[in-house]
Each structure stands twice: as structure tokens, then as C-alpha cells.
Asker: 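My structure is below; once you've seen it, I'll send some questions.
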2 protein chains.
Amino acid sequence: MNAPARQGWTDIRAEVLRRLHSRAWKPGDAIPTEAELATEFGCARATVNRALRALAEEGWLDRRRKAGTRVAVRPVRKASFSIPVLREDIEGRGQSYGYSLLRRETARAPGAVCGRMGLARGVRLIHVTSVHLADGAPQVFEDRWINPVAVPEVSKAPLDRVSANEWLLEHAPYTHGDIGFSAELAVGKTAEVLNVTPGAAVFVIERTTWNGERSVTAVRQVFAPGYRLHTVL
Amino acid sequence: MNAPARQGWTDIRAEVLRRLHSRAWKPGDAIPTEAELATEFGCARATVNRALRALAEEGWLDRRRKAGTRVAVRPVRKASFSIPVLREDIEGRGQSYGYSLLRRETARAPGAVCGRMGLARGVRLIHVTSVHLADGAPQVFEDRWINPVAVPEVSKAPLDRVSANEWLLEHAPYTHGDIGFSAELAVGKTAEVLNVTPGAAVFVIERTTWNGERSVTAVRQVFAPGYRLHTVL
DNA sequence: CAGTGGTCTAGACCACGAT
DNA sequence: TCGTGGTCTAGACCACTGA
């Protein structure tokens with residue numbers, strides 16, 4: 001008999017992963033139940049559960065009550081990354097961070113923005129445009145709309161000194177949101193602010209956040225050419 | 001005294017999250033220990049642990065032995081999304097998926113590719129270029145290098161029928177990798193293959209995957225203008 | 001209905017790391 | 001050193017869902 005030395009759930013996770021890689025357990029196959037694996041590894045079922053749950057969260061396994069655990073047919077590896085916090089992103093590259101408020105006003109939001117934020121068309125929101133600098137050079141052009149109903153204190157925010165990005169993180173918690181990435185051509189004001197030739201390719205991140213049922217802010221950040229979002233799998 | 005009804009770890013997670021949102025516990029603050037919370041909620045410490053561990057994984061809390069649990073100073077929300085599996089991505093939008101192999105050869109990889117894959121310069125790799133179609137229109141131009149040492153069976157792969165994307169998923173498991181997103185201008189062959197005007201902005205995904213210490217493949221996928229990668233937070 | 005994963009418990013020991 | 005989180009256990013009950 002095999003009397004495995006002391007095993008932690010990470011060891012069990014590693015062993016299961018090894019069987020997946022070696023294709024001993026193939027995509028679509030059902031693997032032994034938690035109870036069976038617990039017996040095999042000589043540990044409590046809870047320990048096996050911990051390992052299998054981790055693998056399921058990572059996308060390697062599909063688990064369902066009664067149906068059992070199966071090897072994910074499609075190794076959909078989930079990539080996760082931290083939302084770039086501009087100041088840290090820039091300072092992390094050894095550059096000095098700068099911020100400049102371009103404009104702050106109250107205005108009727110465009111239909112697209114109202115739609116993204118789930119608000120009635122034509123509602124008046126706080127509109128803030130700014131630019132983030134890296135070593136003094138324009139790095140990101142930010143166009144943000146803030147819902148004053150969700151964040152009443154925004155009227156007192158010193159957005160001329162602190163970026164809305166940071167002020168909101170500190171004063172307006174959010175429960176969820178969505179984010180989108182795309183590529184666009186820099187034109188008009190965007191090209192002007194970023195100080196690039198119109199027609200340059202820029203990376204764009206659009207994000208909307210909510211606090212419960214109430215939308216907090218919708219922001220569009222245009223990154224200077226050459227920006228690259230990177231992460232590990 | 002409060003005799004909370006039956007509580008699950010998700011309820012405890014929700015309650016802690018509520019305190020974070022209400023700012024009863026502010027960023028940087030240390031929150032009660034697991035034992036204290038277990039007493040307060042009238043449950044086992046393991047249950048509190050489950051809830052706090054989940055919140056830590058989500059980025060709300062920072063936990064360290066001895067130091068205790070603190071509210072994350074910076075709510076670095078981690079965004080996670082599935083790597084687009086082209087066929088599913090396209091079919092998911094209700095379009096028909098198509099694939100066309102443009103070229104397949106063995107060639108000396110460019111220095112940049114060797115670098116990304118951690119191989120010696122000038123090594124010979126399998127080079128495959130192809131295009132993925134949505135309703136017959138070019139959607140993604142793919143330029144891929146495969147390490148035959150890591151995937152010897154690739155010589156027998158019917159890449160004229162199955163995309164390297166799918167063939168590799170099925171036959172070459174990988175342990176880890178890295179992925180990068182950027183915006184570029186479509187020029188030359190890329191613009192030609194995607195059938196777009198040179199100078200259009202395109203979304204680019206570059207990915208390298210490994211199986212243990214051995215690099216499996218390095219791929220560069222250029223998406224037709226308008227592509228948008230989206231996910232929830 | 002019954003099998004399988006999901007969760008909880010009460011207690012125990014361990015490992016990291018702040019002081 | 002020693003407090004705090006990390007993990008394991010053995011057993012129990014529950015919840016979902018396939019048959």
C-alpha cells in the first residue's frame with residue numbers, strides 16, 4: 001500500500017493537476033468522487049474538497065452536485081489582473097506621476113453614457129476630464145462622468161489636486177462593475193491632449209462601476225500609443 | 001443579545017462587506033481576529049475563515065499571520081475573464097465560424113519570438129499563419145510559432161482543417177503563460193489579410209504558454225477593427 | 001429518491017512573522 | 001516569543017439535481 005507522507009491540499013491539487021496534464025484524466029471524463037480520493041490520499045474529504053474547489057475556480061474542473069466532478073472540456077484559463085491604478089502603474093515603472101485637471105462641469109450626459117449607467121437620458125452629471133502624466137508626458141486622457149446622486153460629497157472633492165480616480169476609490173465604494181478594452185484611433189481632442197499625431201493607435205479602457213443598484217461613475221481612459229496591458233495566466 | 005439565525009459563510013462575507021462599504025471599517029484598519037468574529041457571529045472559526053479568505057482573494061482584505069486582517073488600502077479589484085476561444089467567441093455572437101490556414105512552414109524564429117519563448121536565437125520552429133472568419137469575413141489574423149520539441153505530434157496535426165488554437169488546446173496542455181493586450185495600426189500583410197484600410201486601429205493579443213519549463217507556443221492575434229474585450233468586475 | 005458536492009463544527013497543531 | 005491566520009480532521013447535515 002502507499003502510505004503518502006503528510007499531504008496538504010496543495011499537494012493534492014498538484015497531483016490532480018499532474019493527472020490532468022498527463023491526460024490520465026481527459027477532458028470530459030468524470031474523476032473519482034471526493035470520498036474516493038480522500039481514501040486514496042489518506043486524508044479527510046474536506047481536504048480533497050479544498051483542492052478540487054481550487055482547481056474548479058481556476059477553470060480546470062467542472063463540479064456539480066450529484067453529477068460529480070469532470071475535467072473541463074475547454075481549458076478556459078481565466079486571466080486575472082489588477083485594474084491599472086494609474087499612479088501606481090506609472091510609479092511602478094520608475095517614472096514620476098503627474099495629474100492635471102482639464103475641466104470640471106455639470107452637464108447633461110450623452111445618451112451613450114446614460115445608457116451605460118442605467119440612467120434616464122439627459123440627466124445632469126458631473127463631468128470631469130483630466131490627463132495623467134508620466135515624467136511630465138501625457139500618458140492617459142481620462143473622460144469621466146460621476147453620478148452626484150450616488151456620490152453627493154463629490155461636490156466638495158478637490159479634483160484639482162487629487163485625481164477623480166483616487167478620490168473615488170477613497171470615498172465611493174462600489175460593489176460591482178464592468179470593464180471593456182478596445183483599440184481606437186486618436187483623433188481630435190484626444191490626440192491633442194495626448195500630444196500625438198492624429199491617427200495613432202491608442203488603447204482604450206472603458207469602465208462603469210455601481211454601488212448596489214446605483215451607478216457611481218462611467219470612465220473612459222485613453223492610453224498613449226505603446227501602452228500594453230500585461231498579465232500572467 | 002443577538003441570536004443570528006443560521007448563518008453561512010456567504011452571509012458573513014456579506015456582513016463584512018457591508019461594514020466595509022459603510023466605512024465602519026476603513027482602509028488600513030485592522031479588523032477583529034477570526035476568533036473574535038466567530039464569537040460575534042456565533043459560528044466556528046473555520047466559517048469566518050472561509051468568508052475572510054474569499055474577501056481577501058477578491059482584494060478587499062489583506063491578511064497576514066500574526067499581523068491580522070486589515071482592510072485593503074487600495075481596493076484593487078481584480079478583473080478576470082476567459083481567454084477568448086475564437087470559435088466560441090464568434091459563435092457566441094450568433095455568427096458562423098470559419099478558419100483558413102494561410103501558411104505552414106518550419107523556419108528560424110525571429111529574435112523577439114525566441115526571447116519570449118526562452119529559446120536560443122535562430123532555433124527552428126513551426127510557423128503557422130491563419131485567419132479566423134466570422135460569417136465569412138476576416139475577424140482575426142493569427143501568427144503563431146510552435147515549439148516542436150514541446151509538441152512533437154504537431155507534425156501530424158491537420159492544421160489545414162483545425163485551427164492551431166483548438167488543436168493545441170486538445171493536444172498540448174500547458175501549465176502557465178503570459179498574455180498582453182495592446183493597440184496597433186494595421187499595416188502591410190495584416191491589413192491585407194483582415195481586408196481593412198492600412199492605418200486602421202486593431203486590437204492585439206500576444207500570448208505565450210509553457211508546459212513546465214518548456215515553452216509550447218507564442219501567438220499573436222490581430223483582431224479586426226471594432227473588436228472589444230469585455231468583462232465584469 | 002438517492003448520490004455527490006457544499007458547508008459547518010469543535011478542536012487541534014502548525015507556520016509565519018511582528019515585536 | 002507567541003499571537004494570528006492556515007490547515008487538517010472526523011463526523012454531520014444539507015442542497016441540488018440526475019435518474
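The sequence lines fix the lettering, A, B, ..., with proteins before strands; numbering per chain opens at 1.
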Asker: Over all heavy atoms of both residues, which pair between A:Cys114 and A:Val123 is shortest? Give the atoms and the distance, please.
Answerer: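 Of all heavy-atom pairs spanning A:Cys114 and A:Val123, the closest is SG-CG1, 3.9 Å.
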Asker: Does a sphere of radius 6.0 Å around CZ in B:Arg53 hold more than 12 heavy atoms from other residues, nucleotides or ligands, not counting ones at 6.0 Å or beyond?
Answerer: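 Yes, enclosed.
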Asker: Whole angstrom is fine here: how far is it from CZ in A:Arg65 over to P in D:dC13?
Answerer: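 My rounded result for the distance is 17 Å.
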Asker: Exactly one of A:Glu36, A:Glu40, A:Glu34 should register a salt bridge (Lys or Arg N to Asp or Glu O under 4.0 Å) with A:Arg45. Which one does?
Answerer: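 The option that passes is A:Glu34.
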Asker: On DNA chain D, does the nearest nucleotide to B:Ala35 precede the nearest nucleotide to A:Cys43 from the 5' side, or the other way round? Give the residue.
Answerer: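 Result: B:Ala35.
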Asker: Hey, does the side chain of B:Asn49 come within less than 4.0 Å of D:dG6's phosphate (OP1/OP2), counting only N and O?
Answerer: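 Yes.
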Asker: Using a 4.0 Å heavy-atom cut-off, does B:Ala67 contact any base of the nucleic acid, only the sugar-phosphate backbone, or nothing at all?
Answerer: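 It contacts sugar-phosphate atoms only.
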Asker: Can A:Leu86 and A:Phe223 be said to form a side-chain contact (heavy atoms from CB on, under 4.5 Å), step by step?
Answerer: CA-CA 10 Å; A:Leu86 298 178; A:Phe223 292 72; 3.9 Å; yes
Asker: Can you tell me if the side-chain N/O atoms of A:Thr33 get under 4.0 Å from OP1 or OP2 in C:dG3?
Answerer: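 No, because none of the side-chain N or O atoms of A:Thr33 sits under 4.0 Å from OP1 or OP2 of C:dG3.
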Asker: Could you state the CG-P distance from A:Leu52 to C:dG6, rounded to the nearest angstrom?
Answerer: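 Rounding to the nearest Å, CG of A:Leu52 and P of C:dG6 are 9 Å apart.
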Asker: Rounded off to whole Å, could you give me the CZ-to-C1' distance for the A:Phe41 and D:dT7 pair?
Answerer: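 Going from A:Phe41 (CZ) to D:dT7 (C1'), I get 17 Å.
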Asker: Whole-Å distance between D:dG5 C1' and A:Arg50 CZ?
Answerer: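 Nearest whole value for this atom pair: 12 Å.
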Asker: In whole angstrom, what separates B:Asp11's CG from C:dG6's C1'?
Answerer: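 Distance, rounded to whole Å: 14 Å.
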Asker: Calculate the interatomic distance between A:Arg13 atom CZ and D:dT7 atom P; express it in whole Å.
Answerer: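 Nearest whole value for this atom pair: 13 Å.
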Asker: Can you find a side chain N or O atom of A:Thr69 that sits less than 4.0 Å from OP1 or OP2 on C:dT4?
Answerer: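 Result: no.
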Asker: Which of these nucleotides, D:dA10, C:dA2, C:dT7, is closest to any side-chain atom of A:Ala44?
Answerer: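 Selected nucleotide: D:dA10.
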Asker: Taking all non-hydrogen atoms of both residues into account, name the closest pair between B:Leu159 and B:Tyr99 and its distance.
Answerer: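 Looks like O-OH, 2.9 Å.
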Asker: Ignoring hydrogens and geometry beyond distance, is the side chain of B:Arg45 in donor-acceptor contact with the base of D:dG6 at under 3.5 Å?
Answerer: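 Present.
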Asker: Using atom CZ of B:Arg53 as one end and atom C1' of D:dG5 as the other, report the distance to the nearest whole Å.
Answerer: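 Roughly 11 Å, once rounded to whole Å.
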Asker: Please report the distance, rounded to the nearest Å, between CZ in A:Arg64 and P in C:dT4.
Answerer: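 One finds 14 Å between P of C:dT4 and CZ of A:Arg64, rounded.
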